[in-house]
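For reference, the structure discussed in these notes is given below.
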Amino acid sequence: MRVEELPVDERVKKVVLERGIEELYPPQAEALKSGVLKGRNLVLAIPTASGKTLVSEIVMVNKLLREGGKAVYLVPLKALAEEKYREFKEWEKLGLRVAATTGDYDSTDEWLGRYDIIVATAEKFDSLLRHGARWIDEVKLVVADEVHLIGSYDRGATLEMILTHMLGKAQILALSATVGNAEELAEWLDAALVMSDWRPVQLRKGIFHLGTLVWEDGKVERYPENWYSLVTDAVKRGKGALVFVNTRRSAEKEALALSKLVSGYLTKPEKRALERLASELEDNPTSEKLKRALKGGVAFHHAGLSRAERTLIEDAFREGLIKVITATPTLSAGVNLPSFRVIIRDTKRYSNFGWVDIPVLEIQQMMGRAGRPRYDKFGEAIIVARTEEPGKLMERYIRGRPEKLFSMLANEQAFRSQVLALITNFGVSSFRELISFLERTFYAHQRKDLSSLEYKAKEVVYFLIENEFVDLDLEDNFMPLPFGKRTSQLYIDPLTAKKFRDTFPAIERNPNPFGIFQLIASTPDMATLTARRREMEDYLDLAYELEGELYASIPYYEDSRFQGFLGQVKTAKVLLDWINEVPEARIYETYSIDPGDLYRILELADWLMYSLIELYRLFEPKAEVLQYLRDLHLRLRHGVREELLELVKLPNIGRKRARALYNAGFRSQEDIMRAKVKDLLEVEGIGIKVVEGLFRYFGVEMPGEIKGATKRSGRKKRGTLDAFLK
DNA sequence: GAGTGTACTTCAACCCCGCTGCGGA
DNA sequence: GGTTGAAGTACACTC
């Protein structure tokens, strides 16, 4: 189908044509003929990179231009929200306004009302729904990207509930990878279904075993025995490779090993560019390894890396400077990062229940990364058989069909939160109403029988009533209580909230950081570290030493909670170090964690600390305790001791600069306001830009000579992604 | 004959990912 | 359940 022939607004066609697209891919054409342009719901199940985004753009923009209202585009990852935001920005030239919102930047409501296309993570949109933002009624279209995540154990329920809420109120366009039961999903959503395996870049799949590479069609190629040869072969041909492994340690090890082999194929300028790239990285044990790997044109990629490091690597790989990335599954479902060759070293992974086969769906998503549109005529995805039998792998992952999707609504933690939200934020006022809502879910559609879910719902409701999240009136109608409503808006697990509330009296008696941090670490919303075998004794000792500060009792060795408890102690200790200004590098070393892990712990602790305070405020707080908690929250956010709290409030002053200023004798905002520019510049880490920012903050004129050299105030609009990114 | 280097075998420890709140001059 | 680095072992070689 030609773009010219599309039955859409002329302006839409013009923009698409300007991109150089004149002809639509067959599945795109089929999708657009399905009635989706006339308002019909659609499930589009096609491989990644076969043009789902373009379809959704055309549908969104056409609808907005013709009918007004808003479109919401849901993604599973923050990084994807940024990626889509950048892509959709192009449509602003038609007068539409595009915004992105995730937990990272900007908060709720009203400013979003000014935008037409809103990109959000599913959880963020769920949260917006709970807060009852007024503009929600104007949403005419919901695009759910990666909708197969409805089958994810911990996050699937959120997506399912959002779609249940919006079903009937807005048009729904669900984008999915190929799954086993797309029909079922389409039936539930009362949607047309378009399925296809068509790809713009052909994909060849094969199994490698001891030097023999067998392609799907039976063709055989010979290589040296070690699978490394698959990588070097790709590089030799001027292409890149993406290697998937199942542990961080393996990613790092293979990167270093491959680096030695690949470095021989690099040109002099490439080597220089890579050196430059490596020098941009900060110094910590993991970065050191990364730097070594980079010198050979190879990088590893996993969640231990900071976001900046990840982006740096992704960009350099896209440019072709980095030839090979070894990655854990962070990359399989993340941002768009294709490669000529994809090599899958592992097909099993460790879970709580021991080793399990990685689902077909996931392996196929990894394989789908092979082949770069515009550069490659075809892509190659190769699974390495090491311990598994090659034949079995061929059957399961290459010829086999992906799994069916199953509703995860019944997952207890998720269900608890969702039931609470229905009662406190969505006006569900009786058990009967609750059930009738649940009848519209994918769970009900799929299982037909609601009795076991009903039983669970009953248990949850009892729990909520018993713990005063909700009350019953004389006619047995639900009455939301402030505690319940706030819990739901804070987006925390009711169990976390209960735990907090139960601990308030103890906190009032003896407020202290260690106790509070252990409490936070013990909630189901926190991702705690695990204590390694040889660390266990140390943390147990620490717990006994500080027993008086804990709000929980120390479990016995035989107790099933023992392991978890030590992990919580370890996490609390990390947080304690953080607020006592232990340098990051030392924290990484002491606890053998990576920057990404620390960032994650701090982010979670920050959010939970805020929630703790907000809930405490509901229960006749003592002023001095409240102040104590607020100060602790600030210390946690900035990673400083108490005496620096005043300084870190200043713009561009973090824990390092604040400490430097303090040690140089500038101990209050007053001191700084009165200081001479020259003296401030003497302080380590303080440059002219920082000083300029300080002066602007105080509303003081800069002395003349300096002012001229540093003018520029790129005031960005608040709440947009631009502001966040810069 | 003790010390050192090296190649090899055992052995226990460790094991992917991600989202959510809110408000400041 | 399988990989990995570290500890342990055996053995040859050097001074």
Side-chain angles (χ1 to χ4, degrees), chain A residues 74-81 101-109 111 120-131 146 149 152-159 244-254 257 301-304 327-334 345-359 362 366 386-388 414 417 421 486-493 496 524-527 530-536 592 596-597 600 603-615 633-634 637 648-651 669 693-694 696-699 718-719:
Chain A
L74 301 175
V75 292
L77 301 172
K78 292 179 191 173
L80 280 175
T101 174
T102 72
D104 264 0
Y105 52 95
D106 184 67
S107 61
T108 44
D109 306 358
W111 74 269
T121 52
E123 285 80 3
K124 181 65 186 190
F125 187 64
D126 188 22
S127 164
L128 288 166
L129 287 174
R130 292 183 189 191
H131 282 267
E146 316 272 351
L149 280 162
S152 122
Y153 177 78
D154 47 348
R155 294 179 62 199
T158 314
L159 198 51
F244 284 104
V245 297
N246 65 1
T247 66
R248 290 185 189 182
R249 196 147 68 147
S250 292
E252 294 178 9
K253 190 209 126 204
E254 302 295 21
H301 188 291
H302 58 58
T328 58
T330 11
L331 269 188
S332 68
R345 195 200 75 168
D346 303 311
T347 54
K348 284 177 183 294
R349 106 178 112 220
Y350 192 81
S351 76
N352 294 333
F353 323 104
W355 283 79
V356 292
D357 285 324
I358 295 174
E362 247 177 86
M366 295 180 198
R386 296 191 301 166
T387 54
E388 293 284 295
S417 300
R486 202 70 191 102
T487 298
S488 169
Q489 289 186 328
L490 289 166
Y491 218 80
I492 57 177
D493 188 323
T496 300
D525 284 309
M526 186 74 185
T530 44
R532 285 176 176 60
R533 188 67 56 94
R534 57 180 120 75
E535 299 172 328
M536 290 173 75
S592 40
D597 304 313
R600 176 121 194 82
E603 185 185 35
L604 284 164
D606 183 20
W607 163 52
L608 289 168
M609 188 72 208
Y610 175 83
S611 301
L612 175 89
I613 293 169
E614 283 299 295
L615 291 178
H633 184 207
L634 275 179
R637 172 164 297 181
V648 289
K649 284 184 187 145
L650 296 169
Q669 298 202 2
L694 290 173
R696 200 179 328 125
Y697 174 80
F698 290 130
R718 176 181 176 274

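Since we're looking at a predicted model, the values are computed, not measured. Every chain is numbered from 1 and lettered A, B, ... according to where its sequence line falls, protein lines coming before strand lines. Values below: every heavy atom of this structure, side chains too, minus hydrogens, waters and symmetry copies.
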What integer number of Å spans the P atoms of C:dG5 and B:dC16?
13 Å
Just to confirm, is there a sub-4.0 Å distance from OP1 or OP2 of B:dC22 to any side-chain nitrogen or oxygen of A:His633?
no
Any side-chain N or O of A:Arg532 less than 4.0 Å from the OP1 or OP2 oxygen of B:dC14?
yes
Over 12 foreign heavy atoms within 6.0 Å of CZ, A:Phe698
yes
Does A:Glu614 reach a base, just sugar-phosphate, or nothing at all? Heavy atoms under 4.0 Å.
nothing
May I ask you to say what A:Lys253 touches in the nucleic acid, namely base, sugar-phosphate or nothing, with a heavy-atom cut-off under 4.0 Å?
sugar-phosphate
So which of A:Arg345, A:Arg248, A:Arg249 actually passes salt bridge (charged side-chain N to carboxylate O under 4.0 Å, His left out) with A:Glu254?
A:Arg345
NA contact type, A:Asp126, heavy-atom cut-off 4.0 Å: base, sugar-phosphate, or nothing?
nothing
Can you identify which nucleotide, out of B:dC15, B:dG21, B:dC19, has its nearest atom closest to the A:Leu77 side chain?
B:dC19
A:Ser127 side-chain N/O to B:dG21 phosphate OP1/OP2 under 4.0 Å:
yes
Tell me what A:Tyr610 touches on the nucleic acid: a base, only sugar-phosphate, or nothing, going by heavy atoms under 4.0 Å.
base
Identify whether any heavy atom of A:Ser611 sits under 4.0 Å from a base atom; if not, whether one sits that close to sugar-phosphate; answer base, sugar-phosphate or nothing.
nothing
Is the phosphate of C:dT4, meaning OP1 or OP2, less than 4.0 Å from a side-chain N or O of A:Ser250?
yes
Hey, does the side chain of A:Thr121 come within less than 4.0 Å of B:dT20's phosphate (OP1/OP2), counting only N and O?
yes
Under 4.0 Å between a side-chain N or O of A:Arg155 and OP1 or OP2 of B:dC19?
no
Shortest non-hydrogen contact between A:Ile613 and A:His633, atoms and distance
CD1-CB, 3.8 Å
Reading nucleotides 6-11 of chain B 5' to 3', which nucleotides get B (base under 4.0 Å from a protein heavy atom), which S (sugar-phosphate only), which -?
------
The Watson-Crick or G-U wobble partner of B:dC22, with both key distances under 3.5 Å, is none
Select base, sugar-phosphate, or nothing to describe what A:Leu604 touches, counting heavy atoms under 4.0 Å on all strands.
base
Would you mind pulling out the nucleotide paired to B:dC11, Watson-Crick or G-U wobble, both distances under 3.5 Å?
C:dG5
Considering every strand and a 4.0 Å limit on heavy-atom distances, what is the contact class for A:Ser351: base, sugar-phosphate, or nothing?
nothing
For A:His301, which contact category applies under a 4.0 Å heavy-atom criterion: base, sugar-phosphate, or nothing?
nothing
Stacked pair A:Tyr491-B:dT20, distance under 5.5 Å, angle under 30°:
no
Side-chain N or O of A:Arg696 closer than 4.0 Å to phosphate OP1/OP2 of B:dA25:
no
Look at all strands and tell whether A:Arg533 reaches a base, only sugar-phosphate, or nothing, counting heavy atoms closer than 4.0 Å.
sugar-phosphate
A:Gln669 CD - B:dA25 C1' separation (whole Å)
10 Å
Please work out if A:Pro76 contacts a base, only the sugar-phosphate, or nothing of the nucleic acid, heavy-atom cut-off 4.0 Å.
sugar-phosphate
OP1, OP2 of B:dC22 versus side-chain N and O of A:Arg486: anything below 4.0 Å?
yes
Separation of atom CZ in A:Arg130 from atom P in B:dC22, rounded to whole Å
11 Å
With a 4.0 Å limit, can you tell me whether A:Lys348 has a side-chain N or O closer than that to the phosphate oxygens OP1/OP2 of C:dT3?
no
Using OP1 and OP2 only, check whether a side-chain N or O of A:Arg248 sits under 4.0 Å from B:dC17.
yes
